[in-house]
Amino acid sequence: SSSSSSSSSSAGGSSSGGDGAASVASALKRRTGKKRSRPERKKAVRATAGGGRAAMYRPYGSAIEALRAYHSVHGDLVIPRRFVVPGSEEYPEEWHGIDLSSSVYDMRWWQLHVRSNADRVAELNSLGFVWERLQPEWNLVLEALVAYSMKCGHVLVPSSFVVPRGDDETWPRATWGIRLGSCVHRMRIRHDFLRGPTAASRKAQLDGLGFVWDVNERAFLRTYRALKHFRRMERRGAAAASSSSSRGGSDGAAAARRYKALRVPSTFVVPEGEERGWPEDLWGLPLGAKCSAIRHKGLYVKNQPDRQRALEELGFQWSGNATLGWLQVVHAAAVFSRLHGRTLDVPINFVVPAPPTHRAPDEQESDGGVDHRVTGTEDAWPWPEQLWGFPLGQRLKDVRLKGAYLTGDAASSRRAQLDALGFNWTPKRGRRRRP
DNA sequence: AAATGTAAGTTGTGGGCGCT
DNA sequence: AGCGCCCACAACTTACATTT
């Protein structure tokens with residue numbers, strides 16, 4: 001409803017003067033009413049627009065007078081879009097209440113009054129008439145977007161952004177005052193400017209600027225990339241910590257890598273700074289909070305099974321970090337149980353072993369013990385990589401003695417899980433019999 | 001073979017720190 | 001605030017090795 005010029009009416013050009021004056025008069029009369037309710041106000045605006053159309057056929061003399069008045073008050077002719085001439089003395093009375101910019105920055109007005117009259121062109125030039133404003137609004141919006149892209153490096157325009165006035169070359173004069181943020185929003189939501197036969201080419205133009213059609217999608221991809229990066233760094237850290245193994249990716253290791261649970265602390269924020277190895281556009285992203293929102297509010301993933309699957313493939317845990325510890329305990333316990341004839345009697349100091357990769361020089365080679373190296377394809381190491389170093393004995397001790405992991409609703413089912421693995425709740429004290 | 005010493009492993013307690 | 005995770009230490013229990 002913004003551009004009055006686009007709404008074509010059947011008002012014939014023949015009976016211009018009289019009808020125009022009458023409609024202006026009626027518009028004026030309507031406007032004198034007191035407070036208006038919302039819908040009424042809309043009607044009023046439309047009435048002004050009608051006035052604007054009528055204004056087109058007003059004599060050029062009064063138009064230039066109105067423009068002069070505007071110039072003397074504001075110092076230029078960069079008239080805000082939808083500028084309604086106030087009812088003050090400077091302006092000719094017949095322009096009071098009329099949308100000046102829509103009337104004058106209109107191709108048809110130009111054709112009607114100016115085109116074939118060099119004097120008038122010069123006259124308008126001297127006032128600083130912004131000829132570019134005669135273009136379709138789309139051209140100006142696009143121009144503003146290009147300028148925005150040059151300045152900010154992207155076209156994610158905040159919805160409240162309005163092209164500022166300013167004489168530094170950044171913003172072409174014709175684009176001043178465009179509510180660019182709102183335009184962008186409307187293009188996304190309502191496809192404003194993007195209907196009809198020109199839609200395809202306009203969309204292509206926007207794509208060339210890197211226009212973001214789906215903000216949600218973009219935000220998701222950002223989080224997704226951050227998670228991916230987090231996983232990669234976590235793995236690198238783990239590799240450095242275990243100080244071992246330049247072993248390439250065997251199948252087992254690859255599988256373990258794929259299913260390793262992602263554990264992002266809820267307070268984690270992507271660190272800023274070049275040397276940390278994070279892509280710059282991710283700096284400051286509150287990744288931990290995002291994960292919580294994904295879990296608890298379905299952020300990005302509500303009705304988006306593809307995204308859910310993508311996250312799962314990264315090892316994202318829907319259960320949250322709290323239950324992650326327990327999952328590790330059961331996992332390790334299950335392996336232990338399988339290795340010990342369905343019993344779970346774990347020495348308190350037991351730590352899930354990593355496969356020995358090379359024989360240490362001082363290692364005592366006891367009585368021809370079996371070499372447990374994983375070098376062979378057969379006899380794969382029973383412990384998955386993500387459990388190496390996991391202090392299962394300690395954890396189960398906490399379970400027995402402090403009831404760790406056994407609070408809340410899940411307690412009974414967890415107890416049952418442990419029972420199923422043959423958990424010994426009251427192990428014998430003292431030294432164990434040597435095997 | 002019984003007595004004794006020692007090492008290995010436990011329970012029990014307690015607390016610090018960080019995450020949720 | 002409460003829990004998860006980790007650490008430390010004392011006290012205790014038991015298996016094994018050694019001595020008597």
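All chains are named by letter (A, B, ...) in the order of the sequence lines, taking the proteins before the strands, and each is independently numbered beginning at 1.
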> Start at the 5' end of DNA chain B and walk down; is the nucleotide closest to Lys402(A) or to Val346(A) reached first?
Replying inline: Val346(A)
>> Between P on dT13(B) and CZ on Arg400(A), what's the gap in Å once rounded to a whole number?
In response: 15 Å
> In terms of side-chain heavy atoms of Leu401(A), which of dG9(B), dT13(B), dG4(C) is nearest?
Replying inline: dT13(B)
> Do the ring planes of Trp278(A) and Phe268(A) sit parallel (below 30°), tilted (30 to 60°) or perpendicular (above 60°)?
Replying inline: tilted
> Out of dG4(C), dG9(B), dT11(B), which has the shortest distance to the side chain of Tyr405(A)?
Replying inline: dG4(C)
> Between Leu324(A) (CG) and dG18(B) (C1'), how many Å, whole number?
Replying inline: 16 Å
> What is the distance, rounded to the nearest whole Å, between atom CG of Asp345(A) and atom P of dT14(C)?
Replying inline: 14 Å
> So which nucleotide from dG12(B), dC7(C), dG9(B) ends up closest to the side chain of Gln394(A)?
Replying inline: dC7(C)
> Between Glu90(A) and Arg68(A), does at least one N-O distance fall below 4.0 Å, as a salt bridge requires?
Replying inline: no
> Would Glu217(A) and Arg307(A) pass as an ion pair if we require N to O under 4.0 Å?
Replying inline: yes
> Pro265(A) or Pro347(A): which one's nearest nucleotide on DNA chain B is closer to the 5' end?
Replying inline: Pro347(A)
> In whole angstrom, what separates Asp398(A)'s CG from dG14(B)'s C1'?
Replying inline: 12 Å
> How long is the line joining CZ of Arg295(A) and P of dT20(B), in whole Å?
Replying inline: 8 Å
>> Distance check needed: dT13(B) C1' versus Lys397(A) NZ, whole Å only.
In response: 9 Å
>> Could you tell me how far apart Leu327(A) (CG) and dG4(C) (C1') are, to the nearest whole angstrom?
In response: 14 Å
> Are Trp95(A) and Phe83(A) close enough that their ring centres sit under 6.0 Å apart?
Replying inline: no
> Checking His74(A) side chain against Asp76(A) main chain: does a donor-acceptor pair fall under 3.5 Å?
Replying inline: no
> Within the pair Arg263(A) and dC5(C), is there a side-chain N or O less than 4.0 Å away from OP1 or OP2?
Replying inline: yes
> For Asn424(A) and dG9(B), what is the distance between atoms CG and P respectively, to the nearest whole Å?
Replying inline: 16 Å
